Amino acid sequence: MNNRFEDFFNDSKYVYLKNYLYNYLLRKKAVQKNVRQQMASDLLLEIGSGLSPVTRVSDTVIYSDLSYTAMYYLKQQIGSGFYVVADGVNLPFKDNIFSHTICSEVLEHIEEDNAAMGELARVIKKGGNLVVTFPHRKAYFAIDDRYVNHFRRYEVIEMHNMIKSAGLTSQHIEKVLGPLEKITMYLVVRMFSFIQDRLDRKRTAGLNGNAFSQAIYFIFKWLNNVFMIFAWIDAKIMPRPLSAVLLVRAQK
C-alpha cells in the first residue's frame, strides 16, 4: 500500500495547515494533559509523530516515525530532542527505558497493531505510562478512513484487551472528539477530493489555480480555530459510545 503521508510530508501547504487542524490541536491538548510531570532524566518516546507531534518540546523526547522525510523536516522545525526513523513493530530501543510512550492516531495505520502495542509496552519502564489515542467505533469506518490508509477503527473493549495482552493496565479513558468529528472529516474528504479534482483539471488545461487554492487554505486555517470550540463542546456533551476519538492511559 502506498504511504499517502509520504506524499503529504512533501507538500508545504499540507504541513502548514496540518498543525492548525482542530482535531490535531484537541488531541495534542488531551495527550499533554495525560503526561505526568517528568523528572529531568526521564525519557519520553512518541511514535508515528510525523511532522505534527503531540508532546511538549523537550530535550528528553525521542520522536520516531517510519518516514525519513518526516523526521528530517521535524528536526529542522523543532531542533530539541532526538529523531529516529523506525518501524513501530520493531523499535530499536532497549527494554524498560521510557517514562512514557505516546501513540496518537497511529495504531490504526499499522497492520500488525498487536505487535506494535507489545513494542510500546516493552520499552516502558516499571511504573511508566502509555498514552494512546485511537479512532473509535467500527461502524464509523468510511471513505475518510480509507483516504488516510486506516486498517481499522477500534471498540473500547478491543483496545483494553490489546493493552492487557501487552502487560499493561488501563487506568483512564476519556473522550477527545465526538460524532461531529466523524461527520466533519467525512465531508472534508469529499470536499477535498472534489477541489483536488478541479485543480488537476485546471492544471491540465494550463490554467493557474494558485490564487484559488491560496484562498481555500487561508479560509480553512481560520475556520479550524473557530470550529475547534464546537468540536470540544461536542466531545464533552455527547455520550462516550458515540465518540469518534478516545484516549486511554495505561501503566506498566
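Just so it is clear, the values below take in all heavy atoms, side chains as well, and ignore hydrogens, waters and symmetry mates. As the structure is a prediction and not an experimental result, all values here were calculated from the model.
Lys182 places no side-chain N or O within 3.5 Å of a backbone atom of Ala244 that could act as its donor or acceptor partner. In this structure, the side chain of Lys175 engages the main chain of Ala235 through a donor-acceptor pair within 3.5 Å. With hydrogens and angles disregarded, no donor-acceptor distance shorter than 3.5 Å links the side chain of Glu46 to the backbone of Cys103. Side-chain atoms of Asn224 come within 3.5 Å of backbone N or O of Tyr22 as a donor-acceptor pair. Remark: side-chain polar atoms of Glu174 are not paired, donor with acceptor, to backbone N or O of Leu247 under 3.5 angstrom. Between the side chain of His172 and the main chain of Asn34, no donor-acceptor pair closer than 3.5 Å is present. Checked by atom type and distance alone, the side chain of Glu181 never pairs as donor or acceptor with a backbone atom of Asn23 at under 3.5 Å. Side-chain atoms of Glu158 come within 3.5 Å of backbone N or O of Glu155 as a donor-acceptor pair. With Thr133 contributing its side chain and Glu105 its backbone, the two residues share a donor-acceptor pair below 3.5 Å. The main-chain N or O of Ser243 is found under 3.5 Å from a side-chain atom of His136 such that the two form a donor-acceptor pair.
No donor-acceptor contact under 3.5 angstrom links the side chains of Asn129 and Lys252, judged on distance only. Side-chain N/O atoms of Gln251 and Thr169 include no donor and acceptor closer than 3.5 Å. In summary, the side chains of Tyr72 and Gln76 do present a donor paired with an acceptor at a separation below 3.5 Å, with no hydrogens or angles considered.
With sequence neighbours excluded, no residue forms a ring pair (Phe, Tyr, Trp, His ring centres under 6.0 Å) with Tyr24. When the side-chain contact (heavy atoms from CB on, under 4.5 Å) test is applied to Met71, the partners found at least two apart in sequence or on another chain are Ser49, Tyr63, Asp65, Leu74, Tyr83, Val85. Every residue two or more places apart in sequence or in another chain that forms a side-chain contact (heavy atoms from CB on, under 4.5 Å) with Phe230 is listed here: Leu180, Val226. With sequence neighbours excluded, no residue forms a ring pair (Phe, Tyr, Trp, His ring centres under 6.0 Å) with Tyr140. Partners of Ala116 according to the side-chain contact (heavy atoms from CB on, under 4.5 Å) rule, which considers only residues two or more places apart in sequence or in another chain, are Val89, Leu107, Ile110. Under the rule for a ring pair (Phe, Tyr, Trp, His ring centres under 6.0 Å), Phe82 has no partner lying at least two apart in sequence or in another chain.
Shown here is Glu111, whose CD atom has no more than 12 heavy atoms of other residues, nucleotides or ligands within 6.0 Å.
A 4.5 Å side-chain heavy-atom check between Leu45 and His100 finds every atom pair outside the cut-off.
In terms of heavy-atom proximity, Met159 sits nearest to Val248 at CG-CG2, 4.3 Å. Closest of all the heavy-atom pairs between Ala86 and Ser64 is CB-OG, 3.6 Å.
Put simply, Val245 and Ile229 are part of the same group of oily side chains (I, L, V, M, F, W, Y) that touch within less than 4.5 Å, one to the next.
With respect to the salt-bridge test (charged N to carboxylate O, under 4.0 angstrom), the residues Asp144 and Arg190 do not qualify.
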Quiz item: Is there a side chain to side chain donor-acceptor pair (under 3.5 Å) between Tyr154 and Asp113 once you walk through the steps?
Solution: CA-CA 11 Å; Tyr154 296 92; Asp113 56 341; 2.8 Å; yes
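For the pairing with Ile47, the side chain to side chain contact (heavy atoms under 4.5 Å, CB included) check across Val132, Asp87, Ile102, Leu91 returns one residue only, Leu91. Just one of Arg153, Arg137, Arg152 meets the salt bridge (Lys or Arg N to Asp or Glu O under 4.0 Å) condition when paired with Asp145; it is Arg153.
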